[in-house]
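Notes for the one structure printed next.
Here is the naming used below: chain letters follow the sequence lines, and residue numbers restart at 1 for every chain.
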There are 2 protein chains.
Amino acid sequence: MQINPEDNQARLEHFQKALKKSGVKMTVQRMEVFRELAGTGSHPDAETLFKGVRQKIPMISLDTVYRTLWLFIDLGLVSAVGQSKERARFDANTLQHHHFVCRQCGRMQDFYSDSLNRLALPDSIEQIGTVEKTQVEVLGLCADCLSKTDNP
Amino acid sequence: MQINPEDNQARLEHFQKALKKSGVKMTVQRMEVFRELAGTGSHPDAETLFKGVRQKIPMISLDTVYRTLWLFIDLGLVSAVGQSKERARFDANTLQHHHFVCRQCGRMQDFYSDSLNRLALPDSIEQIGTVEKTQVEVLGLCADCLSKTDNP
DNA sequence: GTCAATGCAAACTCTTTGCAATCTG
DNA sequence: CAGATTGCAAAGAGTTTGCATTGAC
């Protein structure tokens, strides 16, 4: 999915305001990392972004791209796909199931639902590809973390 | 989610048959890695499994755990959670959206659906935790990979 | 001018690989 | 017994960190 130029422009402005609001300095590097990421609908990894940004800022370093991305995530401008920061996790449950993931402790719990097993997907999916498996991922706070943070 | 012992027993038998069928040797290590993984409903990483298995086989090495896991994945006995083998990927799209992930090339495409945005989750979710975000992940083959493999 | 942000290089973590010793079928 | 499998140690990816220099406000 390519993002159209106007949306992109609007995003850049929103981006600049967000930085100012958080008292974070605007730099060429941050600008370009954001522009690069906002201009693509694919979900690039840091290295890919790095290569793209280097076209405009040849002296940028990879660690700056990483720092910039985590900063953006803190600011809520960007999200990391899936449990990206984590390691590989394995599952011996071969039944169709769905995942609840705690955003605090990262714990993952399976849950089952017949209706979620046969979700109706939008027709537009057909243009993207053939569907083999559909899984719902629910993000939230697990009961454990809730009781640890909420209770006085 | 803990798995009950009977299911677990059935799984172990299925596991042994699957190994034999694929002409893969049965070893204590494989047995224990599988038992450990099948006996937990959490989705442990390799290190966690390693620690568990070491209780029974103190001399097992971490690389064996990895090799064993990827073998099981090849055999279809186990799955890796998410895009586990991949690196962190980032997303500047802050609108609620869902992901189509190509299992071949790993490309990820956003798609939108109002109905998927407000999925009805099973009541059992409440016991697990509070829901903050629900996202659908569709796995399949993207159009690109389809045309590369299917067309003669 | 001050302090945050950057680039560099080195460290760190997770995962994989080469090879000789070991064990399964 | 032959060949697959293991353990070890070392290498490889991807990511993070410490520190001096640079640059934004």
* Does any non-hydrogen side-chain atom of A:Leu116 lie less than 4.5 Å from one of B:Leu121? -> yes
* Check the angle between the aromatic planes of B:Phe15 and B:Phe72 and answer parallel, tilted or perpendicular using the 30° and 60° thresholds. => perpendicular
* **Spacing between A:Gln16 atom CD and D:dA24 atom C1', to the nearest angstrom** => 14 Å
* Structure fact -> By side chain to side chain donor-acceptor pair (under 3.5 Å), B:Ser22 pairs with (sequence neighbours left out) none
* Between A:Ala46 and A:Arg67, name the one whose nearest nucleotide on DNA chain D is closer to the 5' end. => A:Ala46
* Once you round it to whole Å, what is the distance between P of D:dT5 and CH2 of B:Trp70? -> 18 Å
* Structure fact -> Sorted by number, residues from residues 48-63 of chain A placing a heavy atom under 4.0 Å from DNA chain D are A:Leu62, A:Asp63
* Within 6.0 angstrom of A:Glu126 CD, more than 12 heavy atoms from elsewhere -> no
* Asked: In terms of ring plane angle, is the pair A:His99 and B:His43 parallel, tilted or perpendicular, where the classes change at 30° and 60°?
  -> perpendicular
* Asked: Where along residues 18-30 of chain B does a heavy atom fall under 4.0 Å from DNA chain C?
  -> B:Lys25, B:Met26
* Are B:Arg107 and B:Asp144 close enough that some pair of their side-chain heavy atoms sits under 4.5 Å apart? -> yes
* Is there a side-chain contact between B:Leu12 and B:Met31 (heavy atoms, below 4.5 Å)? -> yes
* **Geometric cation-pi criterion B:Arg30 and B:Phe34, 6.0 Å radius, 45° cone** => no
